[in-house]
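Encoded as structure tokens, the structure appears first; notes follow it.
The structure displayed is predicted, hence computed values, not measured ones. In what follows, chains carry the letters A, B, and so on, assigned in the order in which the sequence lines appear, proteins first and then strands, with residues in each chain numbered from 1.
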Protein chains: 2
Amino acid sequence: MVELLFFAYRDFTAEPDAILGQIGFGRAHHRVLHFVNRNPGLRVADLLDVLKITKQSLARVLRQLVSEAYVQQTAGASDRRERRLYVTEKGRELAVRLLDLQTRRLAAALKAAGADAERITQTFLLAVIAETDRAEVKRLVSGRRSTVANSDGDGR
Amino acid sequence: MVELLFFAYRDFTAEPDAILGQIGFGRAHHRVLHFVNRNPGLRVADLLDVLKITKQSLARVLRQLVSEAYVQQTAGASDRRERRLYVTEKGRELAVRLLDLQTRRLAAALKAAGADAERITQTFLLAVIAETDRAEVKRLVSGRRSTVANSDGDGR
DNA sequence: AAGTTACGTCAGCCATGTTGACATATTTGG
DNA sequence: CCAAATATGTCAACATGGCTGACGTAACTT
């Protein structure tokens with residue numbers, strides 16, 4: 001089981017990695033693009049929370065994503081220190097393309113695993129996640145939510 | 001689902017990573033130690049196959065594992081060019097300790113996901129793995145097998 | 001004896017993580 | 001209103017673990 005998870009994760013990321021490589025990006029760019037795409041108006045601090053990396057690491061990839069026009073920043077409406085992040089059309093296209101590959105793979109695997117596979121696998125994966133993060137993840141995943149999703153709210 | 005897999009994998013590796021960090025090792029060492037522990041007598045070439053990294057990358061971590069006496073090498077019985085790899089007692093202890101953390105986490109998650117969760121999750125994960133690798137993975141996981149497991153056979 | 005195989009190694013590059021220190025703009029609280 | 005806290009950016013330096021290319025040696029095979 002331990003090994004299965006290792007191999008599964010490796011192959012789960014392989015196709016996107018290959019595409020990203022062609023345009024000079026890596027997995028780190030993918031993660032940022034993905035979460036910004038899924039949660040428009042995300043702030044830098046939110047992203048740091050989600051990815052659990054340092055702002056210096058994030059800055060490096062974010063700078064590239066912005067300078068190559070995959071991601072766009074605008075100052076927060078109610079707090080102008082914030083940089084709310086949004087994907088551009090170009091960014092959305094890439095995000096969707098990569099997400100599609102992964103979604104298809106997972107969908108096929110769920111199909112192979114039978115009728116209740118989706119519910120069961122979801123429960124399983126959520127239970128693998130550290131307890132302290134589960135609430136946050138639930139919000140992030142199912143909600144497209146509050147703290148972050150509404151571009152004009154004050155968040156926090 | 002895509003996100004769940006990301007977070008699950010991150011947390012799945014977090015505890016081992018923390019322990020490894022304390023002794024100056026990283027995830028790469030873990031992977032090598034793990035597969036050698038599970039498949040005693042593994043050859044370097046087998047490991048390259050499984051991990052899909054270059055021999056230079058492998059050499060770096062393997063050298064450390066050997067020099068710090070976690071892994072031991074002996075020339076192959078029927079082909080003395082081969083280096084058959086085995087964990088030492090020290091290596092086994094570390095491998096077991098790390099494996100235990102991960103196994104417990106997965107076991108708890110399976111329990112949370114219900115009765116058939118194990119079978120279903122296994123099927124799911126296997127289906128996520130690239131078709132071309134599935135046979136290899138199956139051998140590796142369930143077998144503790146032929147090509148590799150018997151320390152005196154000629155393999156291949 | 002020649003070629004192939006299994007493995008090791010040197011050298012250097014790249015991506016992505018880290019820490020620590022400091023700058024700047026903006027908001028907030030006393 | 002000013003001082004402190006906050007959100008973000010940035011410079012510098014470093015570690016890990018991938019990569020390529022080139023070359024060496026021992027052992028097996030033909």
Please list, chain by chain and in numerical order, all residues satisfying ring-ring contact (aromatic ring centres under 6.0 Å, His included) with F6(A), sequence neighbours excluded. F35(B)
Just to confirm, is there a sub-4.0 Å distance from OP1 or OP2 of dG17(D) to any side-chain nitrogen or oxygen of H29(B)? yes
So, does R31(B) get its side chain near the phosphate of dT16(D), meaning an N or O under 4.0 Å from OP1 or OP2? no
For I120(B), what are the other residues in its hydrophobic cluster, where any two members join if their side-chain heavy atoms are less than 4.5 angstrom apart? I120(A)
Under 4.5 Å between side-chain heavy atoms, chaining through other members, with only Ile, Leu, Val, Met, Phe, Trp and Tyr counted: pull out the rest of the cluster around V96(B), sorted by chain and number. none
Looking at L51(A) and V32(A), what are the two nearest heavy atoms and their distance? CD1-CG2, 3.9 Å
Please report, rounded to the nearest Å, how far the P atom of dT24(C) is from the CZ atom of R83(A). 14 Å
Applying side-chain hydrogen bond (donor to acceptor under 3.5 Å, both in side chains) as the test, list every pair that has at least one member in residues 93-113 of chain A; sequence neighbours left out. D100(A)-R104(A)
Results of ring-ring contact (aromatic ring centres under 6.0 Å, His included) for H29(B) - residues two or more places apart only: F25(B)
When you measure from the side-chain N and O atoms of T54(A) to the phosphate of dG17(C), is any distance below 4.0 Å, counting only OP1 and OP2? no
Check the distance between dG8(C)'s C1' and L85(B)'s CG and give it to me in whole angstrom. 13 Å
Between protein and nucleotides 26-30 of chain D, what N or O pairs are separated by less than 3.5 Å?
residue: dC28(D); atom: OP1; partner: R80(B); partner atom: N; Å: 2.9

Bend angle of the helix from dA1(C)-dT30(D) to dG30(C)-dC1(D), end axes from five pairs each (to 10°): 20°
Between C1' on dA6(C) and CG on D49(B), what's the gap in Å once rounded to a whole number? 13 Å
Distance in angstrom units between R43(A) CZ and dT6(D) P, rounded: 13 Å
Pairs meeting criterion salt bridge (charged side-chain N to carboxylate O under 4.0 Å, His left out) with involvement of residues 23-34 of chain B, two or more places apart: D17(B)-R27(B)
Can you list, in residue-number order, the parts of residues 60-72 of chain B that come under 4.0 Å of DNA chain D, counting heavy atoms only? R60(B)
At less than 4.0 Å, is any side-chain N or O atom of Q73(B) found next to OP1 or OP2 of dG8(C)? Yes or no. yes
Output the rounded distance in Å from NE2 (H30(B)) to P (dG18(D)). 14 Å
Kindly state each residue pair satisfying side-chain hydrogen bond (donor to acceptor under 3.5 Å, both in side chains) with at least one member in residues 65-75 of chain B, sequence neighbours excluded. none
Of all residues at least two apart in sequence or in a different chain, which pass the side-chain hydrogen bond (donor to acceptor under 3.5 Å, both in side chains) check with K52(B)? D133(B)
Quick one: do R84(A) and E82(A) make a salt bridge, cutoff under 4.0 Å? yes
Is R134(B) salt-bridged to E131(B), cutoff N-O under 4.0 Å? no
Can you check whether S57(B) has a side-chain N or O nearer than 4.0 Å to OP1 or OP2 of dC19(D)? yes
Length of the CD1-C1' vector between I53(A) and dT8(D), whole Å: 15 Å
Closest-nucleotide ordering on DNA chain C, the 5'-leading residue of Q56(B) and K55(A): Q56(B)
Quick one: side-chain hydrogen bond (donor to acceptor under 3.5 Å, both in side chains) pairs with a partner in residues 114-126 of chain B, sequence neighbours left out? none
Rounded to whole Å, CD of Q22(A) lies from P of dA15(C) at a distance of 15 Å
CG of L58(B) versus P of dC7(C): gap in Å, rounded? 10 Å
